[in-house]
Amino acid sequence: MIDAHYLNLTYYNETVIHNYGIASFVSDSSYNIFALADAFLAAPFVLGSGLNAFAMDGNDITCIINSDHIELTYSHGWGDCMSGCIDKRFWVFKVYYDCSVEFVGSYGDVIYYMNVNEDNEQENLVYPNPFSDHIQVNGFDLNATYTITNISGQVVSSGLIENQRIDDLNSLPNGTYLFTITSENGVITKTVVK
(Lines give C-alpha, C1' and ligand atoms only; values in the text may rest on other atoms or scores of the structure.)
Protein backbone atom coordinates (compact mmCIF):
# COMPACT_ATOMS: atom_id res chain seq x y z
CA MET A 1 0.00 0.00 0.00
CA ILE A 2 2.81 2.42 0.83
CA ASP A 3 4.48 1.98 -2.57
CA ALA A 4 1.19 1.91 -4.47
CA HIS A 5 0.23 5.36 -3.11
CA TYR A 6 3.75 6.87 -3.27
CA LEU A 7 3.90 7.47 0.47
CA ASN A 8 7.15 8.43 2.18
CA LEU A 9 7.81 7.61 5.82
CA THR A 10 8.66 10.86 7.63
CA TYR A 11 8.51 9.72 11.25
CA TYR A 12 8.55 6.48 13.19
CA ASN A 13 8.73 5.90 16.93
CA GLU A 14 8.24 2.69 18.88
CA THR A 15 6.65 3.20 22.25
CA VAL A 16 8.00 1.10 25.07
CA ILE A 17 5.05 1.47 27.41
CA HIS A 18 2.22 0.62 24.99
CA ASN A 19 4.11 -1.85 22.80
CA TYR A 20 3.23 -0.25 19.44
CA GLY A 21 4.82 2.16 17.00
CA ILE A 22 3.69 5.47 15.54
CA ALA A 23 4.43 6.22 11.88
CA SER A 24 3.79 9.32 9.79
CA PHE A 25 3.69 9.39 5.98
CA VAL A 26 3.55 12.17 3.37
CA SER A 27 2.74 12.13 -0.33
CA ASP A 28 3.07 14.55 -3.23
CA SER A 29 -0.25 13.29 -4.61
CA SER A 30 -3.74 14.54 -3.77
CA TYR A 31 -5.52 11.68 -2.07
CA ASN A 32 -8.76 11.45 -0.18
CA ILE A 33 -6.89 11.06 3.08
CA PHE A 34 -9.92 9.68 4.92
CA ALA A 35 -10.42 6.88 2.38
CA LEU A 36 -6.70 6.12 2.51
CA ALA A 37 -6.83 6.06 6.32
CA ASP A 38 -9.72 3.56 6.16
CA ALA A 39 -7.65 1.39 3.81
CA PHE A 40 -4.76 1.47 6.30
CA LEU A 41 -7.09 0.27 9.08
CA ALA A 42 -7.71 -2.90 7.06
CA ALA A 43 -3.98 -3.70 7.08
CA PRO A 44 -2.71 -6.20 9.67
CA PHE A 45 -1.44 -4.79 12.98
CA VAL A 46 -2.73 -1.23 12.30
CA LEU A 47 -4.57 0.05 15.39
CA GLY A 48 -5.41 3.57 14.26
CA SER A 49 -5.17 5.66 11.13
CA GLY A 50 -6.21 9.11 9.99
CA LEU A 51 -5.17 12.60 9.13
CA ASN A 52 -2.68 13.37 11.85
CA ALA A 53 -4.32 10.49 13.72
CA PHE A 54 -2.39 11.07 16.91
CA ALA A 55 -3.54 14.68 17.29
CA MET A 56 -6.68 14.76 15.06
CA ASP A 57 -7.21 18.21 13.54
CA GLY A 58 -11.00 17.96 13.36
CA ASN A 59 -11.41 18.81 9.64
CA ASP A 60 -13.45 16.60 7.33
CA ILE A 61 -15.35 16.57 4.03
CA THR A 62 -18.29 14.21 3.56
CA CYS A 63 -20.58 13.76 0.57
CA ILE A 64 -24.01 12.46 -0.25
CA ILE A 65 -24.62 11.52 -3.88
CA ASN A 66 -28.11 12.42 -5.13
CA SER A 67 -29.69 12.00 -8.57
CA ASP A 68 -29.29 15.69 -9.53
CA HIS A 69 -26.38 16.86 -7.33
CA ILE A 70 -23.72 15.92 -4.81
CA GLU A 71 -24.03 17.45 -1.36
CA LEU A 72 -20.65 18.24 0.20
CA THR A 73 -20.35 19.08 3.88
CA TYR A 74 -17.07 20.57 5.05
CA SER A 75 -16.45 20.63 8.79
CA HIS A 76 -13.81 22.36 10.85
CA GLY A 77 -13.22 21.20 14.42
CA TRP A 78 -11.19 22.71 17.22
CA GLY A 79 -10.72 22.43 20.96
CA ASP A 80 -9.38 19.13 22.36
CA CYS A 81 -9.54 17.23 19.07
CA MET A 82 -7.74 14.27 20.60
CA SER A 83 -11.06 13.64 22.33
CA GLY A 84 -13.16 14.30 19.22
CA CYS A 85 -13.16 18.14 19.11
CA ILE A 86 -15.26 20.18 21.51
CA ASP A 87 -16.37 22.67 18.85
CA LYS A 88 -17.32 22.11 15.19
CA ARG A 89 -18.61 24.29 12.34
CA PHE A 90 -20.17 22.86 9.16
CA TRP A 91 -20.64 24.34 5.66
CA VAL A 92 -22.94 22.64 3.15
CA PHE A 93 -22.65 22.95 -0.65
CA LYS A 94 -24.61 21.41 -3.52
CA VAL A 95 -22.44 20.57 -6.54
CA TYR A 96 -24.55 19.97 -9.63
CA TYR A 97 -23.51 17.76 -12.52
CA ASP A 98 -23.16 20.83 -14.79
CA CYS A 99 -20.36 21.92 -12.39
CA SER A 100 -22.36 24.75 -10.80
CA VAL A 101 -22.09 25.10 -7.02
CA GLU A 102 -24.69 26.34 -4.54
CA PHE A 103 -23.87 27.34 -0.98
CA VAL A 104 -26.71 25.86 1.10
CA GLY A 105 -25.75 27.22 4.52
CA SER A 106 -23.71 26.71 7.63
CA TYR A 107 -24.38 25.57 11.16
CA GLY A 108 -22.59 24.63 14.35
CA ASP A 109 -20.34 26.54 16.70
CA VAL A 110 -19.21 30.09 15.93
CA ILE A 111 -15.54 30.34 15.01
CA TYR A 112 -14.83 33.13 17.49
CA TYR A 113 -11.08 33.28 16.86
CA MET A 114 -11.56 34.19 13.16
CA ASN A 115 -13.91 37.14 13.80
CA VAL A 116 -16.39 35.74 11.24
CA ASN A 117 -20.11 36.10 11.81
CA GLU A 118 -22.30 33.89 9.64
CA ASP A 119 -25.53 35.04 11.20
CA ASN A 120 -28.24 33.24 9.21
CA GLU A 121 -30.98 34.46 11.55
CA GLN A 122 -30.82 38.16 10.59
CA GLU A 123 -32.15 37.88 7.05
CA ASN A 124 -33.38 41.48 7.08
CA LEU A 125 -29.80 42.82 6.99
CA VAL A 126 -29.47 42.16 3.26
CA TYR A 127 -32.51 42.51 0.98
CA PRO A 128 -34.22 42.10 -1.42
CA ASN A 129 -33.21 38.52 -2.03
CA PRO A 130 -33.60 37.74 -4.89
CA PHE A 131 -32.44 41.18 -6.11
CA SER A 132 -32.63 42.81 -9.54
CA ASP A 133 -30.69 46.09 -9.70
CA HIS A 134 -29.71 46.91 -6.11
CA ILE A 135 -29.12 45.41 -2.66
CA GLN A 136 -30.16 47.19 0.52
CA VAL A 137 -27.85 46.68 3.54
CA ASN A 138 -28.88 47.62 7.09
CA GLY A 139 -27.06 47.64 10.41
CA PHE A 140 -23.45 48.28 9.34
CA ASP A 141 -21.07 51.14 10.13
CA LEU A 142 -20.10 53.81 7.61
CA ASN A 143 -16.79 52.16 6.66
CA ALA A 144 -18.28 48.81 5.62
CA THR A 145 -17.16 47.34 2.30
CA TYR A 146 -18.68 44.61 0.16
CA THR A 147 -17.69 42.02 -2.42
CA ILE A 148 -19.99 40.01 -4.65
CA THR A 149 -18.48 36.72 -5.85
CA ASN A 150 -19.93 34.43 -8.51
CA ILE A 151 -20.01 30.63 -8.22
CA SER A 152 -16.68 30.41 -10.06
CA GLY A 153 -15.01 32.40 -7.29
CA GLN A 154 -14.59 35.60 -9.34
CA VAL A 155 -15.31 38.94 -7.68
CA VAL A 156 -17.88 40.61 -9.94
CA SER A 157 -18.50 43.73 -7.85
CA SER A 158 -16.87 45.34 -4.82
CA GLY A 159 -16.61 48.68 -3.07
CA LEU A 160 -17.69 50.84 -0.18
CA ILE A 161 -21.30 50.55 0.97
CA GLU A 162 -22.78 54.04 0.54
CA ASN A 163 -26.13 55.03 2.06
CA GLN A 164 -26.70 51.40 3.10
CA ARG A 165 -27.26 50.44 -0.55
CA ILE A 166 -25.36 48.92 -3.49
CA ASP A 167 -26.69 50.17 -6.82
CA ASP A 168 -26.01 49.41 -10.49
CA LEU A 169 -26.24 45.62 -10.19
CA ASN A 170 -28.55 45.23 -13.20
CA SER A 171 -25.60 44.25 -15.44
CA LEU A 172 -24.89 41.11 -13.37
CA PRO A 173 -26.17 37.91 -15.02
CA ASN A 174 -28.91 35.96 -13.24
CA GLY A 175 -27.46 33.45 -10.80
CA THR A 176 -26.34 32.75 -7.25
CA TYR A 177 -23.68 34.91 -5.59
CA LEU A 178 -21.84 35.17 -2.28
CA PHE A 179 -22.31 38.65 -0.83
CA THR A 180 -19.64 39.48 1.77
CA ILE A 181 -19.72 42.52 4.04
CA THR A 182 -16.59 43.52 5.95
CA SER A 183 -16.87 46.03 8.80
CA GLU A 184 -15.34 46.84 12.18
CA ASN A 185 -17.58 44.15 13.68
CA GLY A 186 -16.22 41.37 11.47
CA VAL A 187 -17.25 39.64 8.25
CA ILE A 188 -20.72 38.47 7.25
CA THR A 189 -21.34 36.34 4.16
CA LYS A 190 -24.80 35.74 2.70
CA THR A 191 -25.97 33.87 -0.37
CA VAL A 192 -27.94 36.15 -2.69
CA VAL A 193 -29.76 35.38 -5.91
CA LYS A 194 -30.48 37.54 -8.93
**Message:** Tell me which one of Ile181, Val156, Thr180 satisfies side chain to side chain contact (heavy atoms under 4.5 Å, CB included) with Thr147.
**Reply:**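 The option that passes is Thr180.
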**Prompt:** Checking side chain to side chain contact (heavy atoms under 4.5 Å, CB included) against Glu71, which of Ile64, Val95, Thr62 comes through?
**Reply:**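 In the set Ile64, Val95, Thr62, the residue that makes a side chain to side chain contact (heavy atoms under 4.5 Å, CB included) with Glu71 is Ile64.
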**Request:** Please list, chain by chain and in numerical order, all residues satisfying side-chain hydrogen bond (donor to acceptor under 3.5 Å, both in side chains) with Asn150, sequence neighbours excluded.
**Result:** Gln154
**Message:** Holding to side-chain hydrogen bond (donor to acceptor under 3.5 Å, both in side chains), I want the full list of residues that pass it with Asp98, two or more places apart in sequence or in another chain.
**Reply:** Ser100
**Prompt:** With a cut-off of 6.0 Å (strictly less than), are more than 12 heavy atoms of other residues, nucleotides or ligands near CG of Asn163?
**Reply:**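 Not buried by this count: 12 neighbours or fewer within 6.0 Å.
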**Partner set under salt bridge (charged side-chain N to carboxylate O under 4.0 Å, His left out) for Asp168, not counting sequence neighbours** =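 Asp168 satisfies salt bridge (charged side-chain N to carboxylate O under 4.0 Å, His left out) with no other residue.
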With side chains defined as the heavy atoms from C-beta onward, is the minimum distance between [X] and [Y] less than 4.5 Å?
X      : Y      : result
Ile148 : Leu169 : yes
Phe131 : Leu172 : yes
Val137 : Phe179 : yes
Leu178 : Thr191 : yes
Ile151 : Glu102 : no

**Prompt:** Sub-3.5 Å donor-acceptor pair from the side chain of Lys194 to the main-chain atoms of Asp133, do we have one?
**Reply:** no
**Item:** Gln136 side chain vs Pro128 backbone, donor-acceptor pair below 3.5 Å
**Value:**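 No; judged by distance alone, with no hydrogens or angles, the pair does not exist.
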Working to the nearest 0.5 Å, report the span between [atom1] of [X] and [atom2] of [Y].
X      : Y      : atom1 : atom2 : value
Asn66  : Tyr96  : CG    : OH    : 9.5 Å
Thr149 : Tyr177 : OG1   : OH    : 10.5 Å
Leu160 : Thr182 : CG    : OG1   : 11.5 Å
Arg165 : Ile135 : CZ    : CD1   : 10.5 Å
Thr73  : Ile61  : OG1   : CD1   : 10.0 Å

**Message:** Using every non-hydrogen atom in the two residues, find where Tyr97 and Ser67 come nearest and quote the distance to one decimal.
**Reply:**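 That closest heavy-atom pairing would be CE1-O, 3.4 Å.
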**Asked** Hey, any chance Val193 and Val104 share a hydrophobic cluster, counting ILVMFWY side chains that come within less than 4.5 Å of each other, even indirectly?
**Response**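 Val193 and Val104: separate clusters.
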